[in-house]
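Order of listing sets the numbers, starting from 1, for every ligand and every atom in it. This is a predicted model, so every value here is computed, not measured.
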Amino acid sequence: MTLRPILIHPDPRLKKVCEPVPEVNDEIRKLADDMLATMYDAPGIGLAGPQVGVMKRIFVMDCVKDKEAAPEPMVLINPEISWTSEETNVYEEGCLSIPDQYAEVTRPSEVRMKWLGLDGQSHEEQFDALWATCAQHEFDHLNGKLFIDYLGPMKRKMITRKMEKLKRERARAGATKDPIL
Ligand code: K2U
Ligand code: ZN
């Protein structure tokens, strides 16, 4: 497996609608493996294809909170939302593409999704609690939507400016780290 760099907002690739995955092949299996490794390394509980620059409709998640419990990695390919609850809940969300920024987002508290698994089979499952929040957060990524898009324009602009500053600082650090000899 290979750890892949995670794109940081603002990046046009994080705003694009991703293409369906035509078939589950070795390339997709390798991508899923790398995405799970990158997610656990971050650390995070979800990661979508566009966050590692792959504009395909695939995301991974593992929302098991108990460090002692066995991980429950999930790979969802071409996911569709087939039902959402009327009830909503509020969760303070973050994003690996918007580091160290958190804000409350209201979403349906339960969601049912259908997807193609790595086994090539169709799956359908109903998620609740953190799994539901994470699945909807990742599904949004596949449609070029970020959790900051649910915020007011002032807060969104403030976070975007912080990320632009972070990217400038990382670029400067990268330049000085390996100066052209
Ligand atoms: O897509 C991502 O950037 C990974 C997200 C997934 C997520 C966001 C909000 C709420 C639930 C899941 C996170 O950055 S993973 C980090 C994290 C860990 C525990 C709880 C919330 C966020
Ligand atoms: Zn995210």
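Contacts classified as salt bridge (charged side-chain N to carboxylate O under 4.0 Å, His left out) and involving residues 1-14 (residues at least two apart or in different chains) are given here: Arg4-Asp34, Asp11-Arg13.
At least one donor-acceptor pair under 3.5 Å links the side chain of Gln51 to the backbone N or O of Ala48. Between the side chain of Asn89 and the backbone N or O of Ser109 there is no donor-acceptor pair closer than 3.5 Å.
The pair Arg29-Asp26 meets the salt-bridge criterion, with a side-chain N (NZ, NE, NH1 or NH2) lying under 4.0 Å from an Asp/Glu carboxylate O.
By the 30° and 60° cut-offs, the orientation of the rings of Phe127 relative to Trp131 is parallel.
The shortest distance between side-chain heavy atoms of Lys56 and Glu19 does not fall below 4.5 Å.
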task: May I have the step-by-step check of salt bridge (charged side-chain N to carboxylate O under 4.0 Å, His left out) for Asp128 and Arg112, ending in yes or no?
output: CA-CA 9 Å; Asp128 63 6; Arg112 190 177 302 135; over 6 Å; no
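Protein neighbours of ligand 1 below 4.0 Å, counting non-hydrogen atoms: Gly44, Ile45, Gly46, Gln51, Tyr91, Glu93, Gly94, Cys95, Leu96, Leu130, Thr133, Cys134, His137, Glu138, His141.
Within 6.0 Å of NZ in Lys167 there are more than 12 heavy atoms belonging to other residues, nucleotides or ligands.
The hydrophobic cluster containing Leu130, built from Ile/Leu/Val/Met/Phe/Trp/Tyr side-chain heavy atoms closer than 4.5 Å, also comprises Ile45, Tyr91.
Here the protein contributes Cys95 SG, His137 NE2, His141 NE2 as N, O or S atoms under 2.8 Å from the Zn ion (ligand 2).
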